[in-house]
Protein chains: 2
Amino acid sequence: MTLKDIASNLGIDASTVSRALDPEKSHLVREDTALRVREAAKRLGYRGDRVAGALRRGVTGTIGVIVADLANPFIAPVIHGIAQSLAKEQMLPMVVETNDDPAELESSVDHLLSRRVDAVICAGARFTNQEVLEEAARHTPLLVAVRGLPNSGLTQVLHDDYSGGAMAARHLLELGHTRIAELRGPADVGNFVARHQGFRDECEHHGADLIQLPEQGDRPIREEGERLAQMLLERHGGDLPTAIFAHNDLMAVGALTVLRRSEVSCPTDVSIAGYNDSPMIDQIDPPLTSVAYPGIEIGRAAGAVALELIKDPDGCPAGEVFPPQLRVRRSTRRK
Amino acid sequence: MTLKDIASNLGIDASTVSRALDPEKSHLVREDTALRVREAAKRLGYRGDRVAGALRRGVTGTIGVIVADLANPFIAPVIHGIAQSLAKEQMLPMVVETNDDPAELESSVDHLLSRRVDAVICAGARFTNQEVLEEAARHTPLLVAVRGLPNSGLTQVLHDDYSGGAMAARHLLELGHTRIAELRGPADVGNFVARHQGFRDECEHHGADLIQLPEQGDRPIREEGERLAQMLLERHGGDLPTAIFAHNDLMAVGALTVLRRSEVSCPTDVSIAGYNDSPMIDQIDPPLTSVAYPGIEIGRAAGAVALELIKDPDGCPAGEVFPPQLRVRRSTRRK
DNA sequence: CTGTTAGCGCCTTCAG
DNA sequence: CTGAAGGCGCTAACAG
């Protein structure tokens with residue numbers, strides 16, 4: 001069922017059918033012809049072929065969205081926000097997951113570009129990927145969201161992770177903690193670097209004793225939170241810090257699991273703060289203090305910037321940075 | 001940068017270039033020509049155009065995946081599983097979210113079909129959508145996953161929600177509970193209907209007193225869990241049931257929030273069981289007893305069935321049903 | 001082994 | 001207002 005079929009059914013030309021069916025062009029067609037065409041299209045169950053349209057027009061109406069891990073709950077609102085922005089222009093996000101693996105990210109970019117997406121939103125970058133992304137940006141509108149690339153000229157829509165980290169530190173310091181450990185996310189991911197810097201700067205500024213582990217999490221997931229917490233117990237079990245800042249809620253939950261197993265109580269023995277204010281995190285035991293991540297706003301902004309970038313590929317939209325907000329709960333308390 | 005550009009750069013024909021670059025066809029080309037072509041392709045930064053390829057071949061290498069709500073954590077493993085199965089054939093899932101709105105589902109189907117996806121996996125069906133999906137299945141390989149349509153001939157990859165519901169009931173009955181309430185998910189979604197039936201049948205079989213609320217959740221989300229729990233308190237506050245089965249973990253968490261606010265303690269006053277065994281649900285207060293949902297297996301199977309359906313569009317793959325597993329934790333206890 | 005030819009379905013000139 | 005013609009980039013069939 002193609003334009004041609006409708007055309008021959010009506011004894012007119014396919015181009016007329018095309019015009020009649022395109023809201024932008026239907027004014028070029030006599031009212032009653034347009035009516036007959038629409039009737040026939042419905043009658044014959046016509047459904048336009050956007051593949052062919054894309055080839056002809058050179059735009060697909062699709063935006064590629066790269067995320068590291070769909071199972072991390074903070075990403076759903078981001079995708080949601082992107083989809084909301086795109087819906088206005090009848091565009092659809094095509095979401096691909098990289099499992100936080102740089103090689104997979106590279107092949108995802110490749111895949112998306114060969115599918116001629118109109119733009120790419122990369123919400124799962126590692127520093128390793130910077131070159132690949134910059135190269136891709138030469139061919140297609142591309143922006144970086146969520147996970148920033150500090151030394152890149154790419155347009156970025158980010159959250160102020162530095163302030164978020166500082167905020168977490170300030171909170172713990174105000175509660176009187178002076179020996180504090182950090183469970184860090186991957187060292188080649190923008191958010192975690194910024195969270196770390198903000199946290200560390202604030203701690204140093206107040207002369208707190210910041211306990212460093214020799215490793216970061218390979219991925220910001222629960223299992224890595226467990227591993228690092230275990231390491232903390234092994235190295236500093238005799239003289240535990242009184243507070244822990246986990247770089248995200250998943251890692252915080254991992255830490256809680258391990259500490260509980262070792263009969264270290266939170267918040268009695270140690271306070272824990274997380275990041276993202278994930279859904280349900282207010283119901284865990286104990287309800288977790290966490291820095292809220294404005295996922296939906298980030299998503300909406302990223303979608304909007306992508307649309308701008310498509311309209312003016314050489315424009316360099318400002319990018320945006322959204323502020324954090326601290327949600328204090330019972331997992332942190334006065335020392 | 002097209003095949004033609006490479007061809008003219010090398011003084012050969014585009015079709016030769018096409019063959020050289022297609023692993024399936026490159027054996028038709030002389031070794032050294034193929035080599036020269038690959039070298040030129042790399043040198044010139046050629047990247048195949050899958051839009052054009054799709055138009056010519058009639059397949060896009062894309063499978064549409066419809067989900068109700070990305071924020072429901074149980075869906076991530078399903079998508080993951082689908083992506084895993086598709087990766088073997090170099091296919092990519094295109095995920096769209098309907099916000100659990102039947103109208104949005106309809107337009108999503110339309111969108112996906114006009115993009116000529118090779119198949120559709122609908123993991124977010126409501127009963128209302130049955131006709132639309134059956135109609136779509138006449139044009140494109142389509143299967144229903146996760147949320148079944150009991151009266152449909154469509155291929156389905158499901159979880160055995162009936163047994164899961166029965167399992168939850170049996171657990172509560174074995175603990176000695178005889179007054180039990182159910183917080184039901186939407187009445188037009190297969191899973192929740194089956195969970196309800198399994199649960200109810202088992203309760204009736206053992207002569208338990210099953211307390212019915214006059215409403216179900218409009219959507220299986222935390223807020224609806226709160227609303228229904230509130231309703232339960234208002235109607236049966238004087239004589240609360242001693243156990244509650246929430247149709248999923250999000251609703252269970254909503255119920256916990258409301259009960260805690262009213263100083264009804266779980267599990268002392270009331271036991272609560274949920275469904276899905278969501279990540280982190282073992283860390284909430286109290287750790288939630290839940291029926292595990294085999295999301296990744298469902299996803300893998302759905303992906304595999306989709307591929308079968310593409311290979312043989314008139315075949316009618318059997319579909320599959322995966323069993324539930326109960327994870328007992330501290331939110332349920334002997335009466 | 002390689003080139004030629006002919007579209008896939010659509011949309012956009014350019015003529016009428 | 002409508003039709004005819006051409007081509008987006010690729011690949012399959014057919015000839016050499």
Side-chain angles (χ1 to χ4, degrees), chain A residues 1-38 40-41 44-62 90 110-118 139-140, chain B residues 1-38 40-41 44-62 90 111 113-118 139-140:
Chain A
M1 189 42 46
T2 70
L3 286 181
K4 225 163 133 188
D5 297 324
I6 299 184
S8 62
N9 183 286
L10 257 42
I12 60 179
D13 190 82
S15 57
T16 305
V17 178
S18 171
R19 286 188 278 252
L21 258 24
D22 179 348
E24 312 268 281
K25 298 263 162 66
S26 61
H27 64 99
L28 297 171
V29 170
R30 221 175 47 217
E31 189 67 28
D32 65 314
T33 347
L35 225 63
R36 280 169 57 222
V37 169
R38 281 194 280 269
L44 300 173
Y46 172 76
R47 176 173 279 133
D49 184 332
R50 298 188 63 143
V51 175
L55 179 60
R56 175 65 239 245
R57 300 212 234 219
V59 298
T60 53
T62 307
Q90 301 265 52
D110 208 68
H111 221 122
L112 291 173
L113 294 192
S114 73
R115 279 161 197 270
R116 298 297 186 263
V117 292
D118 299 334
H139 305 296
T140 310
Chain B
M1 189 40 48
T2 70
L3 286 181
K4 226 160 127 191
D5 297 324
I6 300 184
S8 62
N9 184 286
L10 257 42
I12 61 178
D13 190 83
S15 58
T16 304
V17 178
S18 170
R19 287 188 279 252
L21 259 24
D22 179 348
E24 312 268 282
K25 300 262 163 70
S26 61
H27 64 99
L28 298 171
V29 171
R30 219 174 50 217
E31 189 68 26
D32 65 315
T33 349
L35 225 62
R36 281 168 59 221
V37 168
R38 281 194 279 268
L44 300 172
Y46 173 75
R47 175 172 280 133
D49 185 332
R50 298 188 62 144
V51 175
L55 179 60
R56 177 65 242 243
R57 299 213 234 219
V59 298
T60 54
T62 307
Q90 300 266 51
H111 221 120
L113 294 193
S114 73
R115 279 161 196 271
R116 297 298 187 263
V117 291
D118 299 334
H139 305 296
T140 310

Side chains of A:Thr140 and A:Leu112 in contact at under 4.5 Å (non-hydrogen atoms): no
Separation of atom CG in B:Leu28 from atom P in D:dC14, rounded to whole Å: 15 Å
Sugar-phosphate, base or nothing in reach of B:Asp13, heavy atoms under 4.0 Å: base
N/O donor-acceptor pair, side chain B:Arg19 with base C:dG3, under 3.5 angstrom: yes
Side-chain heavy-atom pair B:Thr62, B:Arg115 within 4.5 angstrom cut-off: no
Flag, side chain of B:Ser18 to backbone of B:Ala14, donor-acceptor distance under 3.5 Å: no
DNA chain C: 5'-proximal contact among B:Arg116 and B:Ala14 (nearest heavy atom): B:Ala14
Whole-Å distance separating the CZ atom of A:Arg47 from the C1' atom of C:dC10: 17 Å
Nearest heavy atoms of B:Val59 and B:Asp118, plus distance in Å: CA-OD1, 3.4 Å
First encountered from the 5' end of DNA chain C, between B:Glu31 and B:Arg57: B:Glu31
For atom CG of A:Asp22 and atom P of C:dT12, their distance in whole Å: 7 Å
side-chain N/O B:Tyr46 vs D:dG9 OP1/OP2, d < 4.0 Å: no
Spacing between B:Leu55 atom CG and D:dG7 atom P, to the nearest angstrom: 16 Å
Side-chain N or O of B:Ser15 closer than 4.0 Å to phosphate OP1/OP2 of C:dT2: no
Side-chain N,O (B:Thr16) to OP1/OP2 (C:dC1) below 4.0 Å: no
Side chain B:Arg47, main chain A:Leu113, donor-acceptor under 3.5 Å: no
For atom CD1 of B:Ile12 and atom P of C:dT2, their distance in whole Å: 8 Å
Taking every non-hydrogen atom, the tightest pair across B:Ala20 and B:Ala34: CB-CA, 4.0 Å
side-chain N/O A:Ser18 vs C:dC11 OP1/OP2, d < 4.0 Å: yes
A:Tyr46 vs A:Leu21 side-chain heavy atoms within contact, under 4.5 Å: yes
Inter-end axis angle, the helix from C:dC1-D:dG16 to C:dG16-D:dC1, with every axis fitted to five base pairs (rounded, 10 degrees): 40°
Rounded distance (Å) that lies between atom C1' of D:dA12 and atom CG of B:Leu3: 14 Å
d(NZ, A:Lys25; P, D:dC1) in whole Å: 16 Å
Rounded distance (Å) that lies between atom C1' of D:dC8 and atom CG of A:Asp49: 13 Å
